[in-house]
Amino acid sequence: MFSASSGGRACSAPSRRRRGAARLAAVTLATGAVAAGAIATAVPAAAEEAPQHRGGAVATLGGLQTYDQAVIRDNGASQQVPAGLFEMSVDGGGTLQTYCIDIQNPTQKDAKYQETPWSGTSLSGNKNAGKIRWILQHSYPQVNDLAALAGKAGARALTEQEAAAGTQVAIWRYSDGADVDAVDPQAEKLADYLFKSARGSVEPRASLTLDPPAVSGRAGERLGPVTVRTDADAVSVTPPADSVASGVKVVGKDGKPVTSAVNGSRLFFDIPKGAPDGSAALAVQASTTVPVGRAFASETRSQTQILAGSSESTVSATASATWAKKGAIPALSAEKNCAKSGVDITASNKGDQAFTFRLMGLKHTIEAGTSRTVTIPLQEDQPYDFTIKGPNGFEKRFKGVLDCRTEGSTIGNKTEPVADPSPASAGGTGTGDGDLAETGGSSATPMIAGIAVLMVVLGAAAMFLLRKKKEPTGTESPTQD
């Protein structure tokens with residue numbers, strides 16, 4: 001059984017048969033939160049968080065704006081829900097229109113969204129993802145001649161609300177494999193037309209990224225290149241905040257300082273000779289329309305969106321550089337990899353010694369002068385929060401939630417809910433020595449063990465009380481139907 005969220009802010013809320021599990025999850029998460037709080041007090045302060053956003057638009061969800069009604073059917077139950085276009089406001093200026101692609105996962109009010117490659121969303125591995133983009137390109141609001149659209153669909157006429165609902169219904173059939181129909185007959189004709197006519201289309205390029213997002217090397221060198229990838233005519237380049245004092249410059253391949261760049265431009269960090277070991281970051285920004293079909297994901301478990309239309313909007317990206325005189329000189333970046341159900345950590349080492357770190361109980365070594373990507377496996381919906389440490393005070397923290405499948409594909413999944421994580425440190429050295437801190441391992445270990453025992457006791461007590469509640473008393477007979 002499905003129900004619409006209040007205020008039209010969600011395409012649908014969790015089904016009734018999941019409500020009991022949700023209550024159990026709430027108890028589990030509450031207990032986990034207590035444990036996490038205790039653990040957090042026993043570990044050092046975490047490093048500054050390294051953004052995993054690889055660039056593009058960042059926006060805040062404003063709600064469902066243009067919509068009609070649809071009916072979802074699931075195991076003999078059905079419920080009417082709103083279906084249509086959401087609106088988002090872009091940080092720095094601009095407006096986006098989106099449809100949702102996870103029908104059973106509700107949206108969160110004022111959730112923050114980031115432009116995300118398909119590989120980091122439920123579209124990864126979906127053989128029909130390209131057909132969803134085709135629908136977006138051939139329907140409302142990209143096609144705003146509603147009379148012509150109605151004619152193609154065989155509909156008598158279409159309002160904006162009916163066109164939005166019909167388009168959303170067609171998308172849901174491919175994104176979620178949902179049994180869903182538009183309530184209005186004309187909107188349903190549009191949904192059927194789009195669903196049957198859709199053809200494969202390639203994933204659109206990001207509006208703006210920097211590749212790679214992290215580089216390293218020695219003082220006195222140009223570190224890079226960092227390549228600009230964008231569909232904007234030009235981007236502005238902002239050097240490191242302390243560039244005047246540090247002498248660090250952002251230059252082109254000719255060695256001259258740059259303040260603007262275009263698609264394909266190669267940027268370098270010019271580090272003065274004799275500069276003390278350190279790090280710096282550059283930023284690029286542009287105003288452009290975001291390509292239709294780009295996915296937008298949130299770290300708050302709010303429903304994933306796919307772009308249907310964009311005004312001129314602000315897009316941005318950052319890249320960092322690390323340098324040192326000797327030893328290991330690592331550069332780290334992270335990106336969700338839904339095909340492998342985890343997070344890819346890409347590490348390069350431009351130093352003269354190996355860089356070694358432990359993460360999730362495994363030891364990883366990046367030899368001098370090499371680069372390697374390791375995938376950290378995670379469970380669906382699992383929050384993660386870990387810090388990788390290196391020489392000369394180097395620290396990178398990666399934090400997020402793995403959200404790779406639609407809710408519909410996880411119904412019946414018996415995986416236990418995962419509590420919010422406490423920051424976990426992964427030690428690193430420049431020598432390859434094995435004396436490294438395991439992720440989550442610290443002087444807090446005895447406390448963790450004690451909390452684990454307490455949670456087992458609480459769980460056993462809860463099961464005992466539930467069993468007592470179900471058992472008939474000695475003066476009663478079991479009720480029969």
Side-chain angles (χ1 to χ4, degrees), residues 2-5 7-12 61-74 78-88 95-107 122-123 126 128-201 292-296 303-310 406 408:
F2 297 86
S3 61
S5 153
R9 292 192 176 274
C11 292
S12 66
L61 188 69
L64 200 56
Q65 298 296 319
T66 307
Y67 63 95
D68 207 331
Q69 301 297 311
V71 174
I72 309 169
R73 298 176 182 85
D74 180 56
S78 64
Q79 183 63 43
Q80 188 167 302
V81 297
L85 274 171
F86 286 85
E87 189 170 289
M88 293 185 179
T95 302
L96 307 177
Q97 290 177 301
T98 61
Y99 289 104
C100 54
I101 53 174
D102 188 356
I103 194 170
Q104 296 188 57
N105 185 24
T107 53
S122 61
L123 294 176
N126 184 338
N128 294 315
K131 292 184 177 180
I132 295 173
R133 190 189 181 200
W134 186 97
I135 291 171
L136 294 165
Q137 293 172 312
H138 292 82
S139 191
Y140 181 76
Q142 288 300 305
V143 177
N144 55 21
D145 185 343
L146 297 183
L149 187 60
K152 289 183 178 180
R156 184 175 60 253
L158 287 169
T159 65
E160 291 182 344
Q161 291 76 17
E162 292 161 354
T167 305
Q168 177 67 90
V169 165
I171 290 171
W172 276 336
R173 292 174 182 174
Y174 280 127
S175 65
D176 295 70
D179 181 2
V180 56
D181 296 312
V183 170
D184 182 87
Q186 308 312 312
E188 176 62 16
K189 287 185 177 181
L190 175 61
D192 287 342
Y193 159 72
L194 293 172
F195 180 74
K196 294 174 183 176
S197 302
R199 300 292 182 266
S201 183
V292 169
R294 289 296 290 171
F296 279 77
Q303 189 175 70
T304 304
Q305 306 280 312
I306 192 163
L307 188 73
S310 168
T406 60

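- Using a distance-only test at 3.5 Å, with no hydrogens or angles considered, a donor-acceptor pair links the side chain of Tyr174 to the main chain of Phe195.
- One N or O on the side chain of Gln142 and one on the backbone of Ala308 form a donor-acceptor pair closer than 3.5 Å.
- Side chain of Ser139 to main chain of Ile135: no donor-acceptor pair is present (N/O by atom type, distance under 3.5 Å, no hydrogens or angles).
- To the nearest 0.5 Å, the span separating NZ on Lys131 from OG on Ser197 amounts to 10.5 Å.
- The two atoms that bring Arg133 and Val292 nearest to each other are NE-O, 3.1 Å, heavy atoms only.
- To the nearest 0.5 angstrom, Leu194 atom CG is 9.5 Å from Arg173 atom CZ.
- Here Leu146 contributes atom CG and Gln186 contributes atom CD; the two are 12.5 Å apart, rounded to the nearest 0.5 Å.
- Between Leu96 atom CG and Leu85 atom CG the span is 11.5 Å, to the nearest 0.5 Å.
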Evaluation steps, side-chain contact (heavy atoms from CB on, under 4.5 Å), between Ile101 and Ile171: CA-CA 7 Å; Ile101 53 174; Ile171 290 171; 3.8 Å; yes
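- The heavy-atom pair separating Val169 from Ala182 by the smallest distance is CG2-N, 3.9 Å.
- You'll find the side chain of Pro82 reaches within 4.5 Å of the side chain of Gln69, heavy atoms only.
- Closest approach of Pro141 to Tyr99, counting heavy atoms only: CD-OH, 4.2 Å.
- The two residues Val183 and Gln80 come nearest to each other via the heavy atoms CG2-OE1, 3.8 Å.
- Taken to the nearest 0.5 Å, the OG1 atom of Thr167 stands 6.5 Å off from the CG atom of Leu149.
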Kindly indicate, with the supporting measurements, whether the criterion side-chain contact (heavy atoms from CB on, under 4.5 Å) is fulfilled by Asp74 and Asp179. CA-CA 7 Å; Asp74 180 56; Asp179 181 2; over 6 Å; no
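- Note that the OG1 atom of Thr66 and the CD atom of Glu87 stand 8.0 Å from one another [nearest 0.5 Å].
- Summarising the geometry of Ile306 relative to Ile132, their closest heavy-atom pair is CD1-CG2, 3.8 Å, with the distance given to 0.1 Å.
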Checking salt bridge (Lys or Arg N to Asp or Glu O under 4.0 Å) for the pair Lys189/Asp184: CA distance, chi angles, key distance, verdict? CA-CA 9 Å; Lys189 287 185 177 181; Asp184 182 87; over 6 Å; no
Could you go through His138 and Lys152, starting from their C-alpha distance and side-chain angles, then the distance that decides it, and tell me whether this counts as side-chain contact (heavy atoms from CB on, under 4.5 Å)? CA-CA 11 Å; His138 292 82; Lys152 289 183 178 180; 5.9 Å; no
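- Gln168 places a side-chain N or O within 3.5 Å of a backbone atom of Cys100 that can act as its donor or acceptor partner.
- Side-chain N or O atoms of Gln161 include none that pairs as donor or acceptor with a backbone N or O of Asp68 at under 3.5 Å.
- In terms of heavy atoms, Trp172 sits closest to Ala70 at CZ3-CB, 4.3 Å.
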